[in-house]
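In what follows, a single structure is set out as structure tokens and then discussed.
Atom set for the values below is all heavy atoms of this structure, side chains included, hydrogens, waters and symmetry mates excluded.
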Amino acid sequence: MERIASGLMAFRDKYLFWLNIPSVTVIDIVEIILIAFLLYSILVWIKNTRAWALFKGIIVIVVFVLIAALFQMNTILWLAGRLINVGIIALAVIFQPELRKALDQLGRKRFFLGMFSWDMDRAVKRFSERTASEMVKATFEMAKVKTGALIVVEKDIMLSEYERTGIPLDSLVSSQLLINIFEKNTPLHDGAVIVRGDRIVSATCYLPLSDNMELDKELGTRHRAAVGISEVSDSLTIIVSEETGAVSVAIGGEITRGLDGDELKRMLMELADAGYGESQWQKIKRRFNHGQKSVESHNE
């Protein structure tokens with residue numbers, strides 16, 4: 001055995017002396033895994049945004065520059081060297097919304113909070129069961145008469161910047177008040193209401209429209225606004241269609257259409273639990289979107 005080992009060592013020293021194999025430690029392996037995961041996450045993020053087409057364009061430019069370097073095209077290389085700094089700044093400006101969204105999603109991930117706050121949060125409720133019942137009652141009363149409505153229920157991320165676009169109310173949630181707000185031709189019916197805890201904090205609020213090209217083309221402005229606010233926050237938004245009276249819910253950039261009263265009440269009560277972790281929130285999204293029922297057939 002020793003003779004074989006010494007023979008291999010001699011072979012390496014004689015023929016593989018040019019091959020410098022560095023020593024690899026556990027830290028090096030962990031570092032490689034982390035870098036690979038980071039690169040994979042960046043590529044997945046790029047593919048799910050409009051940056052994917054730009055990324056392919058950048059690859060074409062890089063290949064072109066490599067060809068220029070191979071054939072010593074000095075003028076092209078000089079131009080590429082001068083434009084690279086400007087290009088990086090331009091990318092940051094052009095894709096500012098995507099970068100902001102990515103950082104926002106990273107900030108929402110609770111890596112450590114969930115380990116230590118389970119028992120502390122479990123006894124606290126975001127809003128009462130009465131509030132959930134009043135919202136469900138108002139939603140389906142308006143659905144019967146096809147009164148369009150948009151109710152944003154705040155979770156952890158404060159919606160103050162959108163609250164300021166509306167008219168402050170600070171009123172206890174009640175079905176009568178919600179129905180009166182969204183009654184046609186009344187001063188407060190246009191826009192969304194924001195619910196924080198057991199109170200309606202603002203009405204006629206303007207929400208950001210989603211630019212997701214994969215959304216159903218049948219969806220109108222009201223539904224796109226609901227998806228838009230769910231993309232930039234962890235809120236739950238209830239939508240009543242003015243065309244069909246169908247009830248939908250937007251969570252995390254996804255919309256579930258054709259809900260009944262029991263499903264909506266269940267979602268609201270799960271949201272009311274302050275100990276509701278991110279994994280549970282994703283679970284409810286999957287459960288309700290798995291049975292998604294598309295019943296609306298006209299634009300808002």
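Summarising the geometry, atom CD1 belonging to Ile238 is positioned 9.0 Å from atom CE belonging to Met267; distances are rounded to the nearest 0.5 Å. Rounded to the nearest 0.5 Å, atoms CD (Glu163) and CG (Asp170) are 9.0 Å apart. Rounding to the nearest 0.5 angstrom, the gap separating the CZ atom in Arg257 from the CD1 atom in Ile239 is 9.5 Å. Arg199 contributes atom CZ, which lies 10.0 Å from atom CG of Leu169 (distance to the nearest 0.5 angstrom).
Every pair tested for side-chain hydrogen bond (donor to acceptor under 3.5 Å, both in side chains) that includes a residue from residues 135-148 fails, sequence neighbours excluded, so the list is empty.
Heavy-atom minimum distance, Ala132 versus Leu268: O-CD1, 3.8 Å. The shortest heavy-atom contact between Ala226 and Ala250 is O-CB, 3.6 Å.
Two residues are said to be in side-chain contact when any heavy atoms from C-beta on lie closer than 4.5 Å; Glu242 and Lys184 meet this criterion. Proximity of Val193 to Ile151: side-chain heavy atoms (C-beta onward) are separated by under 4.5 Å at one or more points. The shortest side-chain heavy-atom distance between Leu271 and Lys155 falls under the 4.5 Å cut-off. The closest side-chain heavy-atom distance from Ser202 to Arg196 is not below 4.5 Å.
The main-chain N or O of Ile251 is never found under 3.5 Å from a side-chain atom of Glu254 such that the two would form a donor-acceptor pair. Of the possible donor and acceptor atoms, none in the side chain of Ser210 sits under 3.5 Å from a partner among the backbone N and O of Gly228.
Both Ile179 and Val153 sit in one connected hydrophobic cluster of ILVMFWY residues. Membership requires side-chain heavy atoms under 4.5 Å apart, directly or through other members.
The only member of Thr131, Leu178, Leu172, Ile194 that meets side-chain contact (heavy atoms from CB on, under 4.5 Å) when paired with Ile200 is Leu178.
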What side-chain donor-acceptor pairs closer than 3.5 Å can you find for residues 25-36, not counting sequence neighbours?
{"unit_1": "Thr25", "atom_1": "OG1", "unit_2": "Asp28", "atom_2": "N", "d": "3.4"}
{"unit_1": "Thr25", "atom_1": "OG1", "unit_2": "Asp28", "atom_2": "OD2", "d": "3.0"}
{"unit_1": "Asp28", "atom_1": "OD2", "unit_2": "Thr25", "atom_2": "N", "d": "3.0"}

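Looking only at atom types and distance, the side chain of Glu134 has no donor-acceptor partner in the side chain of Ser174 under 3.5 Å away.
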